[in-house]
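In what follows, a single structure is set out as structure tokens and then discussed.
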Amino acid sequence: MVTPSGPFRPSQEDLILFRKVYDNEKKRIPQDLPGRVKEIEFGKFRIETWFSSPYPEEYARLPKLYLCEFCLRYMKSRPVLQNHMRKCELSHPPGDEIYRKDTSSIFEVDGKKNKVYCQNLCLIAKLFLDHKTLYYDVEPFLFYVMTTYDAYGHHMVGYFSKEKSSFLNYNVSCILTLPQYQRQGYGKMLIEFSYLLSRKENRLGTPEKPLSDLGSLSYMSYWRTSILNFIAKRDFEKESFSIQDICEGTGFASQDVVSTLQDLNMLTVRDSVLVLTVDRVALQDYIERRQVVALLKLSLTKSLPITCQEPLIDPKRLRWAPFVGT
Ligand code: ACO
Ligand code: ZN
């Protein structure tokens with residue numbers, strides 16, 4: 001664990017929460033289950049897996065699988081992988097590149113058009129998720145794969161899947177950052193991207209439940225920061241706004257906005273009316289605790305807005321139209 005230094009330290013609450021999640025996740029990782037893929041080789045990384053995944057039986061029993069990082073095909077040995085890499089025609093995910101900024105790209109992959117790729121992606125995701133997710137029935141889903149580019153190609157960082165049409169307004173079905181890229185902000189970029197798509201569709205979105213512990217932590221953190229950002233940009237001492245305004249400004253479903261505001265102690269009942277109250281000092285304190293002073297455009301004067309985070313995704317770089325069809 002990294003010891004916090006400098007004036008902005010995580011609070012005791014943050015540390016307790018981190019310890020709880022860390023211990024829970026550790027307990028849930030079956031350390032010595034026989035007949036489970038315990039490691040995958042993926043590009044230049046060897047990754048320890050967390051859970052079992054329903055690979056075909058002859059593969060699922062092997063301790064290690066060798067994956068092509070571009071087409072995601074799984075193999076039993078390194079020589080087979082090396083042979084495959086000489087022939088593999090992909091150097092990026094199949095589908096359309098719908099976003100690019102610097103070396104980061106996002107590709108939209110249709111589960112119907114690229115079935116095997118998407119099935120293999122789901123099998124990888126299950127290695128890091130303990131609850132059931134989809135594996136083979138990928139056709140009703142779109143997959144948004146984030147990559148980072150170098151001279152060898154577009155290397156997968158993570159992805160999320162999304163139903164082509166969701167009755168419950170789910171805008172993320174399953175989200176994953178590969179372990180070697182975790183805790184570097186990519187999860188939040190993927191989450192932000194999912195809401196950008198929802199806003200383009202003129203819909204409010206919410207992730208499919210249940211969330212994993214890590215999923216919950218990431219979403220709660222993202223919702224908190226985005227809602228505080230929304231509030232900080234307003235002159236809230238003069239101008240009133242509603243929960244509906246926050247939903248429309250962020251793309252978040254109302255239940256997620258309400259639970260986040262409750263979590264921030266910003267909702268109170270006065271004379272049987274639900275009132276949203278913003279404490280400027282608490283808002284500033286929260287911003288400082290997030291240790292993003294370098295990114296802060298902080299001013300407590302009325303003329304300049306307080307923001308606690310630069311946009312993670314640049315909406316202007318999106319080349320996309322909502323899905324139509326089956
Ligand atoms: N312990 C404590 N906090 C954590 C941890 C951790 N291990 N991992 C992430 N966080 C916090 C970060 O600190 C950050 O909050 P902060 O900005 O307030 O500090 C927030 O979560 C997001 O961090 P990112 O770096 O943006 O997220 P990351 O790239 O690590 O991805 C994700 C998060 C996708 C949940 C990743 O942990 C993952 O793939 N986990 C395994 C699969 C999974 O559980 N997916 C979610 C299932 S729920 C669903 O799919 C709808
Ligand atoms: Zn390949």
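Just follow the structure's listing: the first ligand is 1, and inside any ligand the first atom is 1. When reading the values below, keep in mind they use all heavy atoms of this one structure, side chains included, and skip hydrogens, waters and symmetry mates. Given the structure is predicted, the values throughout are model-derived calculations rather than measurements.
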Any idea which atoms of ligand 1 are less than 4.0 Å away from a heavy-atom of L214? 5 (C), 6 (C), 7 (N), 8 (N), 35 (C), 37 (O), 40 (N)
Going through the checks in order, is the side-chain contact (heavy atoms from CB on, under 4.5 Å) test met by V257 and W223? CA-CA 7 Å; V257 172; W223 288 329; over 6 Å; no
Heavy-atom contact under 4.0 Å between Y219 and ligand 1? no
G158 touching ligand 1 at heavy-atom level, < 4.0 angstrom: no
Numbering as shown, the atoms of ligand 1 that approach S173 to under 4.0 Å (heavy-atom distance): 50 (O), 51 (C)
Close-contact set for ligand 1 against L129 heavy atoms, below 4.0 Å: 42 (C), 43 (C), 44 (O), 45 (N), 47 (C)
More than 12 heavy atoms of other residues, nucleotides or ligands under 6.0 Å from CZ of R100: is that the case? no
Would you kindly say whether D245 and S242 are connected by a side-chain donor-acceptor distance under 3.5 Å? yes
Enumerate the atoms of ligand 1 whose separation from the nearest heavy atom of S221 is less than 4.0 angstrom. 15 (O), 16 (P), 17 (O), 18 (O)
Using modelled atom types only, decide if a donor and an acceptor are shared between the side chain of S216 and the backbone of D213 within a distance under 3.5 Å. no
Please confirm whether T177 comes within less than 3.5 Å of ligand 1 when only nitrogen or oxygen atoms on both sides are compared. yes
Is Q184 touching ligand 1 with its side chain, its backbone, both, or neither, if touching means heavy atoms under 4.0 Å apart? backbone
Under 4.0 Å from one or more heavy atoms of F128, ligand 1 contributes atoms 41 (C), 42 (C)
For L211, take its heavy atoms, then give the atoms of ligand 1 lying under 4.0 Å from any of them. 48 (S), 51 (C)
Applying a heavy-atom cut-off of 4.0 Å, say which part of A125 lies close to ligand 1: side chain, backbone, both or neither. neither
Would K76 count as a cation-pi partner of Y59, with NZ or CZ less than 6.0 Å from the six-membered ring centre and within 45° of the ring normal? yes
Ligand 1 atoms in contact with G185 (distance to a heavy atom under 4.0 Å): 24 (P), 25 (O), 26 (O)
For R36, does its backbone N or O pair with a side-chain atom of S52 as donor and acceptor, under 3.5 Å? no
Could you give me the CA-CA distance, side-chain angles and deciding distance for L267 and L276, then say whether side-chain contact (heavy atoms from CB on, under 4.5 Å) is met? CA-CA 5 Å; L267 285 184; L276 203 169; 4.2 Å; yes
For ligand 1 and I175, I'd like to know whether there is a polar contact (N/O to N/O, distance under 3.5 Å). yes
Look up atom CD1 in I98 and atom OH in Y144, then write down how far apart they are to the nearest 0.5 Å. 5.5 Å
Does atom NZ of K209 have more than 12 heavy-atom neighbours from other groups under 6.0 Å away? yes
May I ask you to say whether R61 pairs ionically with E57, meaning some side-chain N is under 4.0 Å from a carboxylate O? yes
I'd like to check whether K188 has a polar contact with ligand 1, where a contact means an N/O of the residue lying under 3.5 Å from an N/O of the ligand. yes
If we ignore hydrogens and angles and just use 3.5 Å, is the side chain of E108 paired with the main-chain N or O of D96 as donor and acceptor? no
Can the ring centres of H84 and Y66 be said to be less than 6.0 Å apart? no
Near C174 (heavy-atom distance under 4.0 Å), the atoms of ligand 1 are 50 (O)
Any heavy atom of W50 under 4.0 Å from ligand 1? The part involved is side chain
Are any of the side-chain nitrogens in K164 or D110 under 4.0 Å away from the carboxylate oxygens of its partner? yes
Quick one: does ligand 1 sit under 4.0 Å from the side chain of E208, the backbone, both or neither, non-hydrogen atoms only? backbone
Does any donor atom in the side chain of S173 or E208 lie under 3.5 Å from an acceptor atom in the other side chain? yes
Got a donor-acceptor contact below 3.5 angstrom from the E69 side chain to the F42 backbone? no
Below 2.8 Å, which protein N, O or S atoms neighbour the Zn ion (ligand 2), ignoring water? C68 SG, C71 SG, H84 NE2, C88 SG
Given G215, S218, S194, which one has a non-hydrogen atom that is nearest to atom 33 (C) of ligand 1? S218
